[in-house]
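Worth knowing before you read on, the calculation uses all heavy atoms, side chains too, and leaves out hydrogens, waters and symmetry mates. For the single chain, residues carry numbers from 1 onward in sequence order. This structure is a prediction, so every number in the text was calculated from the model and none was measured.
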Amino acid sequence: MDFSRAAFVLHMGPNGLGVTRSLGWSGIKVVGVDYMSEATGLRSRFVKPFITSDPVKKPEAVVEELLQEAGGYPDKPVIMACADDYVLLVSRNRRKLSKAFEFMLPPEDVIEAMTNKSYQYQMAVRAGIPIPNTIYPKSMDDIAAAKDTIGYPCFIKPFYSHLWSRRFGNKGFIIKSYEELKEKYHLIFATDLEAMVQSIVGTPGKDLFQVSAYFGKDGYISPRFTWCKARQAPPNFGVASLGISIKNKKVEESGVKFLKAINYQGIGSVEFKLDTNDGVYRLIELNCRTWMQNVMCTVAGLNIPLIQYLDLTGQPCPTTGDFREGVRWWDALADLDSFVRLKRRRQLGAWPWFKSWLGSDCYAYFALDDVAPALVRMRYGVNVFKTLTHALRQPTDADDTQLGKKK
């Protein structure tokens with residue numbers, strides 16, 4: 001195999017850090033790209049840091065900065081975008097960037113649709129993929145018309161997560177009544193953001209599964225990787241803090257069916273939730289990029305970021321492959337927050353929590369051969385104290401009013 005070409009990994013949070021390690025362990029040179037100099041992944045020993053302008057506020061500047069940096073490499077580097085704002089940046093400037101980089105993305109109209117969750121759900125329905133009961137209010141009259149059809153509690157989910165997070169600092173709002181629904185939409189309609197309202201499927205925080213694969217050149221599809229969210233932060237509606245690799249044929253088949261139906265290309269990650277009322281897996285979301293826990297697939301024996309690199313550099317890719325079940329990925333600080341909340345609700349004891357992550361195989365920030373990101377993330381222990389203090393100060397049902405912060 002030839003690993004001489006560099007890879008530009010765009011966005012150096014835990015998502016980009018996982019991709020970096022998956023490539024760096026194979027000896028590939030990685031340029032870690034972010035607009036925030038404090039991004040934790042930039043401290044990885046596998047990275048050459050490269051700070052750009054903000055991809056949302058100054059996209060043209062970022063494109064020029066990337067092109068200038070790519071000029072220092074003899075062969076076209078590979079680009080892997082690990083956040084929605086960078087995915088949109090590459091997609092909207094693909095003609096210019098393709099002169100200096102190799103990358104794989106769906107057609108631009110698919111990217112625009114998939115980063116907008118309302119279009120995601122509409123395309124899923126056309127593809128025959130079950131979704132939660134969903135409405136798309138455009139006015140307060142729409143809210144009034146739907147007040148008795150959605151059911152409570154329900155949750156408000158943004159069309160564009162990366163823009164919403166910058167405004168509200170979370171992933172969405174849990175709504176317990178019609179009055180609360182009106183209150184939140186008065187806030188939303190005062191902005192330039194859009195959001196939908198969804199019924200809650202099954203038991204909050206449970207029965208969440210994800211399938212990921214790479215769709216490459218000439219119809220190539222990589223072996224699939226599936227895993228479950230064992231715990232989230234916050235516990236009911238949040239980001240996975242403990243993930244476990246597990247084989248789930250129904251989720252795999254539904255995810256691949258959806259991706260094929262929309263002519264998807266690149267790495268895609270599709271999340272489903274089991275509706276315990278009817279046994280149906282319903283679409284939660286599709287991410288048009290790698291996912292935060294992606295290093296888990298590499299440790300489990302299926303290195304999907306490396307497969308994309310091989311395809312983009314014209315090298316043979318595996319047509320068959322398997323992964324090890326039971327591989328655990330753990331985000332220590334996020335899971336500590338989740339544990340404290342669950343402990344206060346008397347839903348999780350200290351010993352079961354300890355056993356659940358003891359001996360984890362891979363981590364959001366830590367790696368034995370790459371410890372600096374974890375030390376920076378923990379701030380040498382300071383952030384452990386802050387996490388505990390924050391979790392203890394929250395009402396026991398805090399994550400029943402707003403979804404966890406986007407990572």
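We find the CG-OG distance between L105 and S98 to be 11.0 Å, quoted to the nearest 0.5 Å. Atom OG1 of T203 is separated from atom CG of L274 by 9.0 Å, given to the nearest 0.5 angstrom. Taking CH2 from W357 and CH2 from W353, the interatomic distance works out to 5.5 Å, rounded to the nearest 0.5 Å. Note: T134 OG1 to Q120 CD = 11.5 Å, rounded to the nearest 0.5 Å. Taking OH of Y152 as the start and OG of S177 as the end, the distance is 7.0 Å to the nearest 0.5 Å. Atom-to-atom distance recorded for F103:CZ and K76:NZ is 8.5 Å, nearest 0.5 angstrom.
A search for side chain to side chain contact (heavy atoms under 4.5 Å, CB included) contacts involving A240 returns W227, K229, Q293, not counting sequence neighbours. Judged as a side chain to side chain contact (heavy atoms under 4.5 Å, CB included), and not counting sequence neighbours, A145 has no contacts. Considering only residues two or more places apart in sequence or on other chains, Q308 meets the side chain to side chain contact (heavy atoms under 4.5 Å, CB included) condition with M80, M104, Y214, I267, L312. The ring-ring contact (aromatic ring centres under 6.0 Å, His included) search around F323 returns F225, not counting sequence neighbours. Checked against ring-ring contact (aromatic ring centres under 6.0 Å, His included), Y363 has the following partners two or more places apart in sequence or in another chain: F366. Applying the ring-ring contact (aromatic ring centres under 6.0 Å, His included) rule to Y264 yields no partners; only residues at least two apart in sequence or on another chain are considered. Every residue two or more places apart in sequence or in another chain was checked for a side chain to side chain contact (heavy atoms under 4.5 Å, CB included) with T319, and none qualifies. Residues meeting the ring-ring contact (aromatic ring centres under 6.0 Å, His included) test with Y121, sequence neighbours left out: none.
In this structure a side-chain-to-backbone donor-acceptor pair under 3.5 Å is present from N15 to T290. Side-chain N or O atoms of E183 include none that pairs as donor or acceptor with a backbone N or O of E179 at under 3.5 Å. The main-chain N or O of R377 is never found under 3.5 Å from a side-chain atom of R43 such that the two would form a donor-acceptor pair. Checking side-chain atoms of K273 against main-chain N and O of I200 turns up no donor-acceptor pair under 3.5 Å. In this structure, the side chain of S360 does not engage the main chain of L358 through any donor-acceptor pair within 3.5 Å. Between the S26 side chain and the I28 main chain, no donor and acceptor come within less than 3.5 Å of each other. Using modelled atom types, no side-chain atom of S91 and backbone atom of L88 make a donor-acceptor pair closer than 3.5 Å. Distance alone, capped at 3.5 Å, is enough to place a donor-acceptor pair between the S199 side chain and the I150 backbone. Of the possible donor and acceptor atoms, one in the side chain of D311 sits under 3.5 Å from a partner among the backbone N and O of K217. Under the 3.5 Å distance criterion, the side-chain polar atoms of S254 are left unmatched by any main-chain donor or acceptor of V251.
Between Y86 and Y35, the two ring planes are tilted [angle within 30° to 60°].
Judged as a salt bridge (Lys or Arg N to Asp or Glu O under 4.0 Å), the pairs with a partner in residues 231-250 (not counting sequence neighbours) are, in order, R231-D335, K247-D322, K249-E252. Pairs engaging residues 58-72 under the salt bridge (Lys or Arg N to Asp or Glu O under 4.0 Å) rule: K48-E69, E64-K96 [sequence neighbours left out]. Within the structure, every pair that satisfies the salt bridge (Lys or Arg N to Asp or Glu O under 4.0 Å) test and touches residues 194-211, not counting sequence neighbours, is listed here: K138-E194. The salt bridge (Lys or Arg N to Asp or Glu O under 4.0 Å) analysis of residues 11-40, with sequence neighbours excluded, yields the pairs R21-D370.
We find that D75 and R5 are not joined by a salt bridge, their nearest charged nitrogen and carboxylate oxygen being 4.0 Å or further apart. The pair R166-D85 counts as a salt bridge, with a side-chain nitrogen and a carboxylate oxygen less than 4.0 angstrom apart. With respect to E285 and K117, a salt bridge is recorded, a charged nitrogen being found less than 4.0 Å from a carboxylate O.
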(message) Let's go through F272 and F258 carefully: what are the C-alpha distance in whole Å and the side-chain angles of both, what is the deciding distance for ring pair (Phe, Tyr, Trp, His ring centres under 6.0 Å) to 0.1 Å, and is it a yes or a no?
(response) CA-CA 12 Å; F272 293 88; F258 183 32; 7.9 Å; no

(request) Applying side chain to side chain contact (heavy atoms under 4.5 Å, CB included), run through L306 and W25 and close with a yes or a no. (result) CA-CA 10 Å; L306 179 61; W25 286 330; over 6 Å; no

(message) I'd like to know whether R324 forms a side chain to side chain contact (heavy atoms under 4.5 Å, CB included) with D361, so could you lay out the CA-CA distance, the side-chain angles of the two residues, the decisive distance to 0.1 Å, and finally the verdict.
(response) CA-CA 11 Å; R324 181 162 51 98; D361 304 276; 4.1 Å; yes

(message) side chain to side chain contact (heavy atoms under 4.5 Å, CB included), that's the test. Do N303 and I307 meet it? Break it down for me.
(response) CA-CA 6 Å; N303 192 334; I307 290 174; 5.6 Å; no

(request) Please step through side chain to side chain contact (heavy atoms under 4.5 Å, CB included) for the pair E271 and L208, ending with a clear verdict. (result) CA-CA 7 Å; E271 184 177 347; L208 287 155; 3.3 Å; yes

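Between G216 and Q265 the shortest heavy-atom distance is O-NE2, 4.2 Å. Of all the heavy atoms in W164 and G172, the pair that sits closest is NE1-N, 3.6 Å.
When each of V30, L97, V31, V90 is checked for a side-chain contact (heavy atoms from CB on, under 4.5 Å) with F8, only V31 meets the rule.
Within the 6.0 Å centre-distance limit, the rings of F168 and F173 are counted as a close aromatic pair. Between W330 and Y365, the ring centre distance reaches or exceeds 6.0 Å. For Y220 and F215, the ring centers sit 6.0 Å or farther from each other.
Few gaps surround NZ on K182; more than 12 heavy atoms of other groups in view lie less than 6.0 Å from it.
Counting heavy atoms from C-beta outward, V197 and L181 have side chains that approach closer than 4.5 Å. With contacts defined as side-chain heavy-atom distances shorter than 4.5 Å, the pair H186/M140 qualifies. Contact of the F50 side chain with the T52 side chain is registered, since non-hydrogen atoms from C-beta on lie closer than 4.5 Å. Looking at heavy atoms from C-beta onward, V256 lies in side-chain contact with R224 at the 4.5 angstrom threshold. In this structure, V9 and C82 have side chains that are in contact, with non-hydrogen atoms separated by less than 4.5 Å. Counting heavy atoms from C-beta on, the side chains of L283 and P130 never come closer than 4.5 Å. Under the 4.5 Å side-chain criterion, counting only non-hydrogen atoms from C-beta, V62 is in contact with L89. Taking the side chain as every heavy atom from C-beta outward, F339 and L348 approach each other to under 4.5 Å.
There is a side-chain donor-acceptor pair under 3.5 Å between S118 and N116.
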